[in-house]
J.: 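Please read through the structure below; I'll follow up with questions.
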Amino acid sequence: MSPGPPPRQPLWAVIPAYDEERSIGATLTALAAQSDTGFTLVVVDNASTDGTAAVVRRFAATAPFPVHVVDEAEPGPGAAADTGFRFAVAHGAALLVRTDADCLPAPDWIATARAEFARGAEMVCGRSVPRRDESPSFAERHLLPALVRLTSLYGRYRGAHRHPRYRAPYVLCHGHNLAITADLYVRCGGAPRLPLRDSSDDVELLNRAREHSHRIVRSERLVVRASLRRLRAWGARRTLLWYWDRRYLPADDREVHVR
C-alpha cells in the first residue's frame with residue numbers, strides 16, 4: 001500500500017488592523033470565500049478606538065477556520081504584524097501570509113501561497129491591483145500601477161539594495177500581500193516595529209529576509225485587491241512620494257492612517 005500525501009504544513013494568515021470597523025468585514029468575507037480554508041487567522045487589533053475587534057469576534061462565531069484576536073498597543077503596522085506573526089509561530093504556524101484590513105485577497109490566494117511554498121520559495125511577494133468595488137478610474141487601474149512598478153525598478157537598482165550581503169534580488173513587495181515561512185521570519189528577525197511614518201515595514205522585512213535566503217520570489221499569481229483610499233485622499237504625487245522612501249509626510253501624524 002503506497003503512503004498517502006504528507007500532511008500539510010500549518011498556515012496562518014495575519015491581518016494588522018487599526019480603526020477598521022467599516023472595512024474589515026469585506027476582508028473577512030474574502031477570506032471565508034477562499035478555495036482553501038485550511039488555515040488559521042489572527043487579527044491584531046492595533047489599539048483601535050472603534051469596534052474593529054467586535055466585528056472580528058462576530059465573524060469568528062461562524063468562520064470556516066479558527067480565528068484569534070490579539071492586542072498590540074505599540075503603534076504601527078510593523079509592530080502589529082510582528083505581534084501577529086510571532087503569535088502564529090508560537091502556536092505552531094510553519095507558513096505565514098499577510099494582508100491588510102482594507103484589502104480583498106483573490107479566492108485562490110491561500111492556495112496560490114501554498115503552491116509557491118511547495119515550489120521551494122521561502123518568501124513570496126504578490127501582485128496588488130485596485131479593488132473593483134471602489135470603481136477605479138482608467139488612471140487608477142493602469143497609470144498608477146505603472147508608476148509604482150517604475151519606482152520598484154529604481155528600488156532594484158539603487159545602491160543600497162544591491163549590497164553583497166543580499167542573497168536574493170530586490171523585488172516589488174507589498175505588505176498587504178506577502179507570504180513567508182515561519183523559519184525565515186524568525187531567522188531574519190521579522191518585521192521592524194516602527195511607526196508607519198518612519199518606515200515601510202514591508203521593504204524592511206524584505207531586505208532582512210534577503211540577507212538570509214536566496215529563495216525569495218515575486219509571484220504575479222498571488223493577487224490581492226487593495227483599497228484606493230490613500231491615493232484618493234492624498235493624490236497621485238503625494239502617494240508616490242510617500243511610498244518612495246517617505247519623501248512626503250503629512251504634517252499631522254493622524255493623517256498617516258487614512259480612513
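On a predicted model such as this, the values are computed, not experimentally measured, just so you know. These numbers come from the heavy atoms of this one structure, side chains and all, not from hydrogens, waters or symmetry mates.
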J.: Counting only heavy atoms not in Arg165, do more than 12 fall under 6.0 Å of its CZ?
T.: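 Yes, CZ of Arg165 has more than 12 neighbouring heavy atoms, counting only those of other groups under 6.0 Å.
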J.: Measuring only between side-chain heavy atoms, which start at C-beta, is His174 closer than 4.5 Å to Val224?
T.: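 SC-SC contact between His174 and Val224 ruled out.
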J.: Hey, does the side chain of Arg187 reach the backbone of His212 with a donor-acceptor pair shorter than 3.5 angstrom?
T.: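 Yes, Arg187 side chain to His212 backbone: donor-acceptor pair under 3.5 Å.
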J.: Taking only Lys NZ, Arg NE, NH1 and NH2, and the carboxylate oxygens of Asp or Glu, determine whether Asp102 and Arg230 approach each other closer than 4.0 Å.
T.: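 The answer is no: the pair does not qualify as a salt bridge.
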J.: Has Arg210 got a side-chain atom pairing as donor or acceptor with Ala168's backbone, closer than 3.5 angstrom?
T.: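 Checking the backbone N and O of Ala168 against the side chain of Arg210, a donor-acceptor pair under 3.5 Å is found.
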J.: Check Glu72 with Arg86, please: is the shortest side-chain N to carboxylate O separation under 4.0 Å?
T.: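 Answer for the salt bridge query: no.
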J.: Any chance you could measure Thr52, atom OG1, to Ile24, atom CD1, to the nearest 0.5 Å?
T.: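 Here the rounded value is 6.0 Å.
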J.: Spell out, yes or no, whether Phe85 and Val44 are grouped together once hydrophobic residues are joined by side-chain heavy atoms under 4.5 Å, including indirect joins.
T.: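 Yes, because Phe85 and Val44 connect within a single hydrophobic cluster, where side-chain heavy atoms sit under 4.5 Å apart.
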J.: Looking at Glu255 and Arg238, is there a salt bridge between them, counting it only when a charged N and a carboxylate O are closer than 4.0 Å?
T.: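 The answer is no: the pair does not qualify as a salt bridge.
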J.: Between Arg225 and Glu134, is there a side-chain N and carboxylate O pair less than 4.0 Å apart?
T.: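 Not counted as a salt bridge, because no side-chain N and carboxylate O are separated by less than 4.0 Å.
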J.: Considering non-hydrogen atoms only, spot the tightest contact between Ala111 and Ser35 and give its length.
T.: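 Here Ala111 and Ser35 meet closest at CB-OG, 3.8 Å.
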J.: Would you check if the side chain of Arg208 reaches a backbone N or O of Gly190 as a donor-acceptor pair within less than 3.5 Å?
T.: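 Answer holds: yes.
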J.: Looking only at non-hydrogen atoms, find the nearest pair between Asp19 and Thr49 and report the distance.
T.: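 Closest heavy-atom pair between Asp19 and Thr49: OD1-N, 2.5 Å.
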J.: Which atom names give the shortest non-hydrogen contact between Trp12 and Ala88, and what distance separates them?
T.: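 Minimum heavy-atom separation between Trp12 and Ala88: CE3-CB, 3.5 Å.
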J.: Any Lys/Arg nitrogen of Glu116 or Arg221 sitting under 4.0 Å from an Asp/Glu carboxylate oxygen of the other?
T.: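 A salt bridge is present here (some side-chain N lies under 4.0 Å from a carboxylate O).
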J.: Quick one: which residue pairs count as a ring pair (Phe, Tyr, Trp, His ring centres under 6.0 Å) with a foot in residues 213-236, not counting sequence neighbours?
T.: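 Non-adjacent pairs meeting ring pair (Phe, Tyr, Trp, His ring centres under 6.0 Å): Trp234-Trp242, Trp234-Tyr248.
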J.: If we ignore angles and hydrogens, is there a donor and acceptor under 3.5 Å between the side chains of Tyr185 and Asp82?
T.: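 A donor-acceptor contact under 3.5 Å links the two side chains.
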